[in-house]
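Step one of this worksheet: look at the structure below.
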Amino acid sequence: MKKILFILLIFALQSCAKKEVQLPTLAEKGLQEVFNYSEVWMFFQVKNNDTIADINRKNTISTTHWIFNIDKRLPLKTIIPSISKLQYKHANSIHSKEGMHEYFSYADTLSKKLSFLKFDGVIFKTDSLLSKYYIKKHSNNYIKYNNINLTFNPNSTWINDAKMEQGELKTTLLEFIDFSSGGKKTMLHLNFNEDLLYQDYLFYKTMIDNFNNKSITTNNIEFIFNQNNVPDCGCE
């Protein structure tokens, strides 16, 4: 019975619309109980040979937490603009309530339960400026940190200017942090190719969130870039 219920989590169903959202499946632990919430749905749809996000937020209530159920097949470029707009509405409605959060939902294959990742406070920067240039421009804000730039593409991941082999990112990153920190707190700066699928985006996000290391923090600005506008993005 438990296995059947878990399969149903992977294909989250919004009964009123009779549409399915294929949630990301991740072997990462997350928050498993959220009370007083309403939901945003982002469905996968192909229209005129283009992938688009079909969004339903009719039942969202500003005085509750918001859970974002997003289809794992959607690329970031189809969802980030809408997520940013909804974040603003949730925080700035005349009915908004302090202390309400936003969460991404996913199916946790370890606990076989629906899990959640809190992301309110994240600022999506979509002007194709990479974090390494942003840090230089605002150096006074980051001088006290050991700054590490992570770049995530559909077919490659990079730590600063070093390309990672498949499956070695987490181990290499933690070793590099230990080697390079020099007693400073490490700040990770996340750069995501806009063609990256939401499944992969959430995989990296939950992995980093589960480091549980007080000497590691993550910049609340996430850099979403178009590789055609960034010649040295590390996209090979």
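- Here the rule is side-chain contact (heavy atoms from CB on, under 4.5 Å) with Ile216, and of Leu174, Ile208, Asn146 only Leu174 fits it.
- Listed for the Ser115 side chain is no donor-acceptor partner under 3.5 Å among the backbone atoms of Gln32.
- Within 6.0 Å of NZ in Lys29 there are 12 or fewer heavy atoms belonging to other residues, nucleotides or ligands.
- The residue from Leu173, Thr218, Thr157 that alone fulfils the side-chain contact (heavy atoms from CB on, under 4.5 Å) condition with Leu150 is Leu173.
- At least one donor-acceptor pair closer than 3.5 Å links the side chain of Lys184 to the backbone N or O of Ile143.
- Under a hydrophobic-cluster definition in which Ile, Leu, Val, Met, Phe, Trp and Tyr are linked whenever side-chain heavy atoms come within less than 4.5 Å, directly or via other members, Phe223 and Val122 are assigned to different clusters.
- Within the 3.5 Å criterion, the main-chain N or O of Lys89 finds no donor-acceptor partner in the side chain of Ser93.
- In the hydrophobic cluster analysis, where Ile, Leu, Val, Met, Phe, Trp and Tyr join through side-chain heavy atoms closer than 4.5 angstrom, Tyr198 is grouped together with Phe44.
- Asn147 contributes a side-chain N or O that, together with a main-chain N or O of Tyr145, makes up a donor-acceptor pair within less than 3.5 Å.
- Of the options Trp158, Tyr133, Tyr142, Tyr134, a ring pair (Phe, Tyr, Trp, His ring centres under 6.0 Å) to His189 is made by Tyr142 and by none of the others.
- Rounded to the nearest 0.5 Å, atoms OG1 (Thr78) and CG (Leu197) are 9.0 Å apart.
- Inspection of the Ser128 and Asn226 side chains reveals no N or O donor paired with an N or O acceptor under 3.5 Å.
- Counted within 6.0 Å of CZ on Phe211, heavy atoms from surrounding residues, nucleotides or ligands total more than 12; the atom is thus considered enclosed.
- The aromatic rings of Phe68 and Phe119 sit perpendicular to each other, their planes meeting at more than 60°, with 30° as the lower class boundary.
- For the pair Phe192 and Leu190, the tightest heavy-atom approach, listed with the atom from each and the gap, is CE1-CB, 3.5 Å.
- Listed here is the closest heavy atom pair of Asp71 and Phe43: CB-C, 4.4 Å.
- Counting heavy atoms of neighbouring residues, nucleotides and ligands inside a 6.0 Å radius, atom CG of Asn92 exceeds 12 of them.
- For Asn160 (side chain) and Ala162 (main-chain N/O), no donor-acceptor pair under 3.5 Å exists by modelled atom type.
- No continuous path of hydrophobic side-chain contacts links Phe104 to Leu114 [ILVMFWY only; heavy atoms under 4.5 Å].
- Inspection of the Ser38 and Thr64 side chains reveals an N or O donor paired with an N or O acceptor under 3.5 Å.
- A donor-acceptor pair under 3.5 Å is formed between the side chain of Asn213 and the backbone N or O of Ser215.
- Between Leu74 and the options Gln199, Met42, Gln22, Gln45, a side-chain contact (heavy atoms from CB on, under 4.5 Å) holds for only Met42.
- Using modelled atom types, one side-chain atom of Asn191 and one backbone atom of Ser131 make a donor-acceptor pair closer than 3.5 Å.
- Under the 4.5 Å side-chain heavy-atom criterion for ILVMFWY residues, no single connected hydrophobic cluster contains both Val21 and Tyr106.
- In this structure, His65 contributes its side chain and His101 its backbone to a donor-acceptor pair below 3.5 Å.
- For residues 166-177, no residue pair satisfies the side chain to side chain donor-acceptor pair (under 3.5 Å) rule, not counting sequence neighbours.
- When the side chains of ILVMFWY residues are joined at heavy-atom separations under 4.5 Å, either directly or via intervening members, Leu130 and Leu196 end up in two distinct hydrophobic clusters.
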